[in-house]
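A note on names: the letters A, B, ... follow the listed sequences, proteins ahead of strands, and every chain is numbered from 1.
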Number of protein chains: 2
Amino acid sequence: MIDQFMRLAIEEARQGWQEGGIPIGSVLVREGKVVAKGRNKRVQENNPILHGEMDCLHNAGRVGSYRNTILYSTLMPCYMCAGTVVQFKIPMVVVGESRTFNGARQLMEAHGVNVIDLDLAECVAMMEAFIREKPELWNEDIMEL
Amino acid sequence: MIDQFMRLAIEEARQGWQEGGIPIGSVLVREGKVVAKGRNKRVQENNPILHGEMDCLHNAGRVGSYRNTILYSTLMPCYMCAGTVVQFKIPMVVVGESRTFNGARQLMEAHGVNVIDLDLAECVAMMEAFIREKPELWNEDIMEL
């Protein structure tokens, strides 16, 4: 079963895909309520720093402390996004999968972040289909250039 | 002596300060030419992810590989910006100082990034004056909340 917040993150990812972008979505939650949503906008905004998680934190704006927040992402965060989780002191990250991209789980865990990988078939299938469709775009996003 | 690129980064920082923002500036250089400049825009754009380095990489847009680039920053990068340097495979980072903020030098060096700290009195003085002026804003930016 996929909880309501991961469902929202997947919807963000699918919206990004429809826009011609990279299908990775993210949701920031505080005490059971959505603070902000976001999706990878490298293509849509010609912006390499707007991974799904970064767009979500951008959309949240200046919210003060992140101590009671949970960051959801359809994919394991990369070093940029993991470093941001550490810097922002976000205590918990829930991800859809890490099969198509290893990311930087260890960096987060080394700083006490609780990382939960739901290993969802739906998220894996979405990323696998996208990577088959646009391998060059995916390699650009993970800097395999 | 302060080289031309660090001079530009300091100018960006001072412009941000005049705007009521946090005085940290950054410049991305490739083969001796400026690719983009940026400055911390937390205040100006209500955006917690736009540290100086992130704004600079945002302004650069999709430039492909960063293999021949150098990132200048007036202050040692935090975990967000250091994680981004690692993810983007930027091989060299030149910083103005690290006395007022330790940052995440070790994360970058652990991934093979060449980090040079110029330890410039001008950069230290700028940050010390800003922190005295607006300690709450500085604590918000480094998430000491």
Any link between Met92(B) and Met76(B) through a network of hydrophobic side chains (Ile, Leu, Val, Met, Phe, Trp, Tyr) touching at under 4.5 Å? no
Answer yes if Leu137(B) and Ile142(B) sit in the same cluster of Ile, Leu, Val, Met, Phe, Trp and Tyr residues linked by side chain heavy atoms under 4.5 Å apart, and no otherwise. yes
One option among Cys78(B), Ala60(B), Ser65(B) has the most heavy-atom pairs under 4.5 Å with chain A, and it is Cys78(B)
Side-chain cluster (under 4.5 Å, hydrophobic types only) that Leu107(A) belongs to, other residues: Tyr79(A), Val86(A), Tyr79(B), Val86(B), Leu107(B)
For Arg99(B), I'd like to know if atom CZ has over 12 heavy atoms of other residues, nucleotides or ligands within 6.0 Å. no
Single-linkage hydrophobic cluster Phe101(A)~Ile24(A), side-chain heavy atoms < 4.5 angstrom: yes
Is any side-chain heavy atom of Met54(A) less than 4.5 Å from a side-chain heavy atom of His58(B)? no
Side-chain heavy atoms of Met143(A) within contact of Arg67(B), under 4.5 Å: no
Heavy-atom count check: over 12 atoms from other residues, nucleotides or ligands less than 6.0 Å from Gln106(A) CD? no
For Asn102(A), is the CG atom crowded, meaning more than 12 foreign heavy atoms sit under 6.0 Å from it? no
Hydrophobic clustering (ILVMFWY, side-chain heavy atoms < 4.5 Å, transitive) - are Ile116(B) and Ile10(B) grouped together? yes
Residues in residues 34-50 of chain B that sit under 4.5 Å from chain A, counting heavy atoms only: Arg42(B), Val43(B), Asn46(B), Asn47(B), Pro48(B), Ile49(B), Leu50(B)
Please report the interatomic distance CD(Gln87(B)) to OG1(Thr84(A)), rounded to the nearest 0.5 Å. 10.5 Å
